[in-house]
Number of protein chains: 2
Amino acid sequence: MPNPPTIKEIAQRLNLATSTVSRALHNHPRIGLKTRMQVQALAKELQYEPNQTAIFFQQKKTFTLGIILPELSEAFFSAAISGIEDTANQHNYMVLLGQSHDDTEREKKIVEIMKNHRVDGLLVSLAKNTVQYAHFDMLRKYNIPVVFFDRIPDMKDIHYVACNMESGTVQAVSLLLQQGHRVIGMINGPEKLIASRQRTTGYRKAMQQQRLKYDATLNVHADLSREGTRQAMQQLLSHKRKVTAIVAFNDYVSQDAVQYALEQGLQINRDICFVSYANLPLSSYMAFPPLASVEQYPYQQGQKATEILLALLADKLSPEDYQQVIIDSRLVIAPGR
Amino acid sequence: MPNPPTIKEIAQRLNLATSTVSRALHNHPRIGLKTRMQVQALAKELQYEPNQTAIFFQQKKTFTLGIILPELSEAFFSAAISGIEDTANQHNYMVLLGQSHDDTEREKKIVEIMKNHRVDGLLVSLAKNTVQYAHFDMLRKYNIPVVFFDRIPDMKDIHYVACNMESGTVQAVSLLLQQGHRVIGMINGPEKLIASRQRTTGYRKAMQQQRLKYDATLNVHADLSREGTRQAMQQLLSHKRKVTAIVAFNDYVSQDAVQYALEQGLQINRDICFVSYANLPLSSYMAFPPLASVEQYPYQQGQKATEILLALLADKLSPEDYQQVIIDSRLVIAPGR
DNA sequence: TTGTAGGCGTTATCAT
DNA sequence: ATGATAACGCCTACAA
């Protein structure tokens with residue numbers, strides 16, 4: 001099994017210089033028609049394929065985008081990566097994958113490996129606990145642009161695409177108010193998360209719009225674990241005002257909350273209603289799907305983030321011209337399959 | 001912004017030869033202790049990192065595995081890829097991703113691109129309609145080993161990991177028989193799929209074990225679309241014998257079938273029971289989860305396939321020593337979350 | 001113990 | 001219109 005044919009081999013067989021062959025293969029304008037034909041014919045015959053690793057090396061470019069995200073098996077992220085992959089492929093880029101498993105140390109290691117692999121750019125959704133960003137800042141030195149998406153760092157001077165939960169939350173709470181609910185509980189996430197704060201703001205704004213007063217004790221911060229959700233539910237159900245509707249942080253939380261409510265003998269959609277945020281494409285499969293769900297557009301986020309990164313790489317965008325795209329979340333009622 | 005430091009630069013500063021520096025960095029035994037220290041100290045100071053693209057080029061190896069699969073957003077595949085990624089990373093390999101979207105042409109194109117990117121090996125789960133495998137055979141010429149998983153080609157002399165549906169099907173049907181069901185319908189997949197044939201065999205064997213006769217008219221082949229499933233249900237529900245249990249091809253099919261049954265006024269788990277195959281990690285969220293579900297171990301399939309590929313790459317396995325691993329599916333009752 | 005030199009495949013620069 | 005040559009960064013015989 002002979003080595004794959006190279007430009008040099010073609011050159012020798014045709015008594016040409018390698019440079020000529022290279023140019024002929026690239027349809028360089030000032031190469032004689034017949035030599036060009038000869039070269040291309042022989043190339044086809046030998047099934048010549050340029051050695052990309054050589055080109056990567058020589059051009060200092062790999063046409064590869066690194067993607068770092070917490071968990072591929074979460075539906076949200078696998079949808080996002082679909083958007084990334086599709087967009088990247090349209091531009092002849094490949095996609096190098098890494099999961100942080102929500103572990104900052106692993107995230108750092110992956111950044112390191114990807115840097116060494118000389119990815120042209122990076123798309124990142126942060127691990128849950130990442131609060132320092134030195135391992136990303138470091139990439140500036142290597143001229144590797146980074147675009148964050150969804151789980152973005154709390155800092156300026158970065159590119160990112162994220163979904164604003166506020167708009168969807170306003171719509172969700174408004175829907176509940178419109179249906180006559182007055183005491184609406186919210187099972188929110190950790191306070192330091194931007195996404196939690198957006199939910200809080202959305203909740204407050206929806207109340208203000210109806211000239212109702214916002215009751216902070218109805219907005220419970222939990223840690224998204226099943227146990228945390230149950231505690232939050234306990235707190236809400238024992239509130240001095242009777243809670244008739246609940247906005248849950250996401251579909252997982254929603255399910256845990258529903259389960260708790262059932263255990264307490266409540267009847268879903270009669271004693272208590274739920275609205276949630278769509279992390280799952282499968283809410284139509286749930287036993288008690290939420291009344292409505294706030295869509296976060298994972299595919300589109302991935303798509304948009306990739307477009308920004310590619311623009312950066314194509315120098316169509318200056319690195320300092322920080323793109324901060326915010327997609328508005330939107331309430332979707334009775335999400336179908 | 002200066003270029004990243006190179007071995008040559010370190011050599012110049014220390015008045016050494018590049019080869020010495022290279023060896024010092026690799027802890028080559030016969031390099032003087034003090035020069036080694038010097039070199040490593042300076043390397044650290046300059047934050048030297050070897051240029052992997054140069055190494056890839058020089059070593060004709062990229063430490064990258066290509067993965068081609070139909071749809072990342074299907075839970076089954078995203079679980080599989082998790083297994084792949086984790087295993088690859090443990091061995092310091094990276095993972096290059098490509099989705100065929102169940103389109104053979106796209107699959108071919110991705111194979112081409114990955115070959116050009118000089119991936120060291122390929123993990124593939126076939127697009128639904130792929131029936132010719134020339135684009136994979138071609139890789140032998142380039143010495144790029146391929147391990148197939150789950151959706152494997154119907155040919156000899158390949159490496160693969162797959163899940164045998166037969167065992168799980170036997171268990172599923174046996175469970176239903178044990179619960180007293182005698183007329184069991186099966187909504188099977190396209191006849192040409194290996195996985196469909198395995199289900200048929202499993203069904204038949206389970207019946208034989210109880211000395212019951214297998215009725216082929218209860219085994220309906222559908223196309224997995226919602227409409228196809230509804231037609232299959234219609235056929236089964238109008239069977240001359242009264243069908244009291246159904247084995248559905250997968251959880252999606254199961255849900256569509258449940259929905260149809262509900263529309264026909266049947267009560268789930270009283271008039272009719274369902275057993276299914278777990279494509280979703282979320283059956284616990286379903287309105288009417290199947291009684292039991294056949295687990296297909298996607299993570300383990302990915303893991304095992306990767307291990308085989310890595311063994312091949314490490315020459316611990318001869319390319320002609322075709323590994324054909326079959327993981328037995330297994331019935332899981334009342335799958336929890 | 002260290003240095004020299006060549007090569008991996010391609011493109012780019014400068015000649016001719 | 002084509003050729004010669006250097007360069008990319010690293011490794012590894014082979015020499016000294």
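Order of the sequence lines fixes the chain letters, A, B, ..., with proteins taken first and strands second; residue numbering starts at 1 for each chain. Just the heavy atoms: all of them, side chains too, but no hydrogens, waters or symmetry mates, feed the values below. Here the structure is a predicted model, which is why all the values come from computation and not from measurement.
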When the aromatic ring centroids of [X] and [Y] are compared, is their separation below 6.0 Å?
| X | Y | result |
| --- | --- | --- |
| A:F148 | A:F136 | yes |
| B:F63 | A:H117 | no |
| A:F57 | B:F57 | yes |

Counting only side-chain N and O atoms of A:K8, is one of them less than 4.0 Å from OP1 or OP2 of C:dC8?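 For C:dC8, OP1 or OP2 has a side-chain N or O of A:K8 closer than 4.0 Å.
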
If only side-chain N and O atoms of B:K60 are considered, is one of them under 4.0 Å from the OP1 or OP2 phosphate oxygen of C:dG9?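 Affirmative; the distance criterion is met.
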
What's the [atom1]-[atom2] distance between [X] and [N], to the nearest Å?
| X | N | atom1 | atom2 | result |
| --- | --- | --- | --- | --- |
| A:I7 | C:dC8 | CD1 | P | 14 Å |
| B:Q59 | D:dC10 | CD | P | 12 Å |
| A:F56 | D:dA7 | CZ | P | 24 Å |
| A:I55 | C:dT10 | CD1 | P | 7 Å |
| B:K34 | C:dT1 | NZ | P | 10 Å |
| A:I31 | C:dA12 | CD1 | P | 13 Å |
| B:Q52 | D:dC10 | CD | P | 10 Å |
| B:Y48 | D:dC11 | OH | C1' | 10 Å |

Choosing from C:dT10, C:dT11, C:dT1, which nucleotide comes nearest the side chain of A:H26?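 The answer is C:dT11.
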
With the threshold set at 4.0 Å, does a side-chain nitrogen-carboxylate oxygen contact exist between [X] and [Y]?
| X | Y | answer |
| --- | --- | --- |
| A:E112 | A:K109 | no |
| A:D157 | A:R140 | no |
| A:E9 | A:R13 | yes |

Specify the residue among B:Q58 and B:R36 whose closest nucleotide of DNA chain C lies further upstream toward the 5′ end. B:R36

So, A:F57 and D:dC8: ring centres less than 5.5 Å apart, planes less than 30° off, yes or no? yes

Does anything in residues 9-25 of chain A reach DNA chain C, meaning a heavy atom under 4.0 Å, and if so which residues? A:S19, A:S22, A:R23

Base, sugar-phosphate, or nothing: which does A:T53 touch, judged by heavy atoms less than 4.0 Å apart? nothing

Considering only distance and modelled atom types, tabulate donor-acceptor pairs under 3.5 Å from the side chains of residues 302-318 of chain A, sequence neighbours left out.
{"residue": "A:T306", "atom": "OG1", "partner": "A:G302", "partner atom": "O", "Å": "2.6"}
{"residue": "A:S318", "atom": "OG", "partner": "A:E320", "partner atom": "N", "Å": "3.2"}
{"residue": "A:S318", "atom": "OG", "partner": "A:E320", "partner atom": "OE1", "Å": "3.2"}

